[in-house]
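Keep in mind that what you see is a predicted model, and the values were worked out from it rather than measured.
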Amino acid sequence: MKSVEQTVIHADRFYTIAAKNGSVIGAVETAKDGGDIRLGKYDHKPEQEWSFIRVGDGVYRICNRASGKLIDLMMTGTANGTWLHLWEDVGGTSQMWMLQPTPEGKVRLRSSWAGGKCIDTVGMGVTDGAVLQIWQETAGEDQLWTISEVKDRAKRAAKKVEEAAETVAAPVAEKAEPVKAAVPAAEAPKVEEKPAVKAEPAEEKAAEPAKAEPAKPAAKAPAKKPAARKTTRKKAAKRK
């Protein structure tokens, strides 16, 4: 049988864990410890995306993107049928999972605490809402999972931002036109008032030198000229 290339796990990325029908493992009630873990249709929600924190060779803690809580065994059980739930990181072995690749490009998720029992679904269910549990290895496909990296989240977020920017920009441009037309109308009366206010002090300043300075030379000039003529006549008489 030809082997299928496996997904390479990176510490700083997020992944979906999908069943054979495409439904993915997701967390329910992520805000509190003990939230259920079930199958569901992938809706690109952070509750359905996981990071893998490496703790050893092929051993990981599986961390939920929405809450930062880990896939754990309820009551640290080891028996077949023990449900999975979310719990804060307590450093326990019940939160450690071994990834075993298969030639088909899928993986088994084995519990390090429960003797290598595999994650599968209650009653081998594949419908949305099926509860996750552990069970000893079987030949069924309900214990085989496809791990895929979440790559398109950034692109979708950027597209939403662009669409939002276009929606916001359209009404802003429409409102900008009446605002520009109103500016000249509001400023026009102000331009007429300013020259009128400045003209009054200009007239007062021009009138002050006209009254004071020309009056003084006019009074002094006639007084000096007659005095000069009288002196000339006296000198002329004496000479005679």
Side-chain angles (χ1 to χ4, degrees), residues 6-20 23-40 42-102 105-126 128-150 153:
Q6 300 290 327
T7 298
V8 178
I9 302 298
H10 296 275
D12 57 347
R13 301 179 191 178
F14 293 94
Y15 301 84
T16 57
I17 307 171
K20 61 181 180 180
S23 295
V24 300
I25 295 177
V28 180
E29 296 179 342
T30 57
K32 65 179 183 179
D33 289 333
D36 290 344
I37 298 176
R38 299 172 179 264
L39 282 185
Y42 184 42
D43 293 324
H44 302 278
K45 294 180 179 179
E47 293 84 355
Q48 299 172 313
E49 298 170 357
W50 308 85
S51 63
F52 289 79
I53 304 169
R54 189 175 183 273
V55 292
D57 187 15
V59 181
Y60 298 85
R61 300 183 193 279
I62 305 176
C63 179
N64 186 256
R65 184 170 193 170
S67 65
K69 299 181 187 298
L70 307 178
I71 293 180
D72 191 10
L73 290 169
M74 188 175 291
M75 302 298 293
T76 64
T78 60
N80 286 337
T82 299
W83 283 19
L84 305 183
H85 66 177
L86 278 187
W87 205 268
E88 65 180 346
D89 186 356
V90 295
T93 311
S94 63
Q95 298 176 331
M96 297 181 185
W97 303 92
M98 297 177 289
L99 273 61
Q100 181 188 25
T102 68
K106 300 181 184 299
V107 296
R108 279 188 169 87
L109 300 171
R110 296 182 178 274
S111 171
S112 296
W113 173 253
K117 287 185 170 67
C118 302
I119 292 179
D120 73 358
T121 56
V122 173
M124 301 177 70
V126 294
D128 292 346
V131 177
L132 275 292
Q133 63 176 5
I134 56 169
W135 201 271
Q136 66 188 31
E137 183 180 339
T138 64
E141 293 186 359
D142 59 311
Q143 294 181 347
L144 299 179
W145 304 93
T146 301
I147 298 177
S148 302
E149 184 180 343
V150 178
R153 175 178 291 277

Close side-chain approach of [X] to [Y], heavy-atom, < 4.5 Å:
X	Y	result
L99	I147	yes
F52	I62	yes
L73	L84	yes
F14	Q48	no

Does [X] reach the main-chain N or O of [Y] with its side chain, forming a donor-acceptor pair under 3.5 Å?
X	Y	result
Y15	H10	yes
D43	K45	no
S111	W113	yes
R38	G129	yes
W50	I71	no
D33	E88	yes
Q95	V90	yes
N80	Q136	yes
T76	S94	no

What distance separates [X] [atom1] from [Y] [atom2], expressed to the nearest 0.5 Å?
X	Y	atom1	atom2	result
C118	W97	SG	CH2	9.5 Å
W83	L132	CH2	CG	10.5 Å
L144	R108	CG	CZ	5.0 Å
T121	Q143	OG1	CD	9.0 Å
D120	D142	CG	CG	4.5 Å
T16	R65	OG1	CZ	11.5 Å

Indicate the atoms forming the closest heavy-atom contact of [X] with [Y], along with that distance.
X	Y	result
M98	S112	CG-OG, 3.5 Å
S23	L39	O-CD2, 4.1 Å
W145	I119	NE1-O, 3.0 Å
V126	K20	CG1-CE, 3.7 Å
T30	S67	O-CB, 3.2 Å
P46	N64	O-ND2, 3.9 Å

Legend entry - V55, D72, L70 screened by side-chain contact (heavy atoms from CB on, under 4.5 Å) with M96, the one that passes: V55
Inset, instruction - Verify whether the ring centers belonging to W87 and H85 lie closer than 6.0 Å. - result: yes
Inset, instruction - With side-chain contact (heavy atoms from CB on, under 4.5 Å) as the test, would you mind laying out the steps for I37 and I25 before giving the verdict? - result: CA-CA 7 Å; I37 298 176; I25 295 177; 3.4 Å; yes
Inset, instruction - Kindly check if the number of other-residue, nucleotide or ligand heavy atoms within 6.0 Å of CG (D57) is above 12? - result: no
